J.: 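This is the structure I have questions about; it appears just below.
Start at 1 with the first residue, then count along the sequence. Bear in mind that the values here come from a model prediction, so they are computed numbers and not experimental data. Remember, it's 1-based here, ligands and their atoms both numbered in the order they're listed.
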Amino acid sequence: MLTATALPWLAAVPAVAQTAPITIKFSHVVTAEAPKGKAADYFKRLAEERTGGRVKVEVYPNSQLYKDKEEMEAVQLGAVQMLAPAFGKFGPLGVREFEIFDLPYLFDSMEQARKITQGPIGASLLRKLEPKGILGLAFWDNSFKQMTANTPLHMPEDYKGLKMRIQSSKVIEAQMRQLGVLPQMMAFSELYQALQTGVVDGQENPFSNIYTQKMHEVQKHMTITNHGYHGYVVIVNKPFWEKLPPDIRTTLEGAMKETTAYFTKLAQEEDQQALEAIRKSGLMTIHTPSLEEKAALRTALLPVHEQMKSRYGAELLDQINKEIGRTVQQ
Ligand code: LMR
């Protein structure tokens, strides 16, 4: 019998020819504990299990590989294959329509948001990414943003003159200017330190990001404004995705569909848990606005819908309003 001892070179030959797994690098900017981080890990598990190891998903949280702007470039170049950026990150890519989701008070509930992103309007928006060498696989609907600062934010006047960090979205910039804020565009990975050192006075994000980034340690006040919808688009490098063996691609698409359902449930739960955890920490004063305060902020911010129409197109806004049954002019 031939053995590796008899013929030493045999030992170096693998018993079965192994093909290297297809690697998907999934880069993101939040912590592994934030809803997006958990969903990325969930997708990894499903993808690896269901392809029997033919696909390996490497998840890089916390801007470990790339910051917001760089990760967009990296996915186009194929240096990473998958991302899930927030809507406010798509402007610099030249796809401005996603900024419509940054409009203050676009949706009154997450059900309304999901009706748009998970329906035909969402599908047509995803197609706008293709000329950029990117495919949109899914929308992950997170939750609503809240305002934080070191001074109380009750009425629109309270925002005047504050420096607030924004994502790279012209619509968010317009929203902040409407309040007399000096918007400072900055990568998410730089935000904590900017708040800590006073480079900026405040910011906006959902509870889950505020908590997992420990912003409650460096911000004294949070107002539950729910003024803006916050969600993600899961995107992949188009040539990479199209070259996948068809059975693998179908399996991954199935895994993404399930991950999206998982994300929807998780995001809702985690947002409320994060609010409770922030409350429990006792580090932040949490303000629930009165009806009068809510109305004042809304009135101050609604002109942005009209002002920024050239950014995303009046027609798209009309379509969304029609779809969610908003007939009265705001
Ligand atoms: C931010 O940059 O403020 C957030 O959108 C980060 C994220 O991905 O949730």
J.: Enter the distance from Ile166:CD1 to Gln184:CD here, rounded to the nearest 0.5 Å.
T.: 8.5 Å
J.: Which pairs with one or both residues in residues 121-139 pass side chain to side chain donor-acceptor pair (under 3.5 Å), sequence neighbours excluded?
T.: none
J.: Under a 3.5 Å cutoff, is there a donor and acceptor pairing between the side chains of Gln178 and Gln307?
T.: yes
J.: Can you establish whether the number of heavy atoms outside Glu111 located under 6.0 Å from its atom CD is more than 12?
T.: yes
J.: Report every pair formed by an N or O atom of ligand 1 and a protein N or O atom separated by less than 3.5 Å, giving atom names and the distance to 0.1 Å.
T.:
residue  : atom  : partner : partner atom : Å
ligand 1 : 2 (O) : Lys89   : NZ           : 2.8
ligand 1 : 2 (O) : Arg165  : NH1          : 3.4
ligand 1 : 2 (O) : Arg165  : NH2          : 2.9
ligand 1 : 3 (O) : Arg165  : NH1          : 2.6
ligand 1 : 3 (O) : Asn205  : OD1          : 3.4
ligand 1 : 3 (O) : Asn205  : ND2          : 3.0
ligand 1 : 8 (O) : Lys36   : NZ           : 2.7
ligand 1 : 9 (O) : Asn209  : ND2          : 2.8
ligand 1 : 9 (O) : His230  : NE2          : 3.0
ligand 1 : 9 (O) : Tyr232  : OH           : 2.5

J.: Which of parallel (below 30°), tilted (30 to 60°) and perpendicular (above 60°) describes Phe87 and Phe139?
T.: tilted
J.: Determine whether the aromatic ring centres of residues His221 and His287 are separated by less than 6.0 angstrom.
T.: no
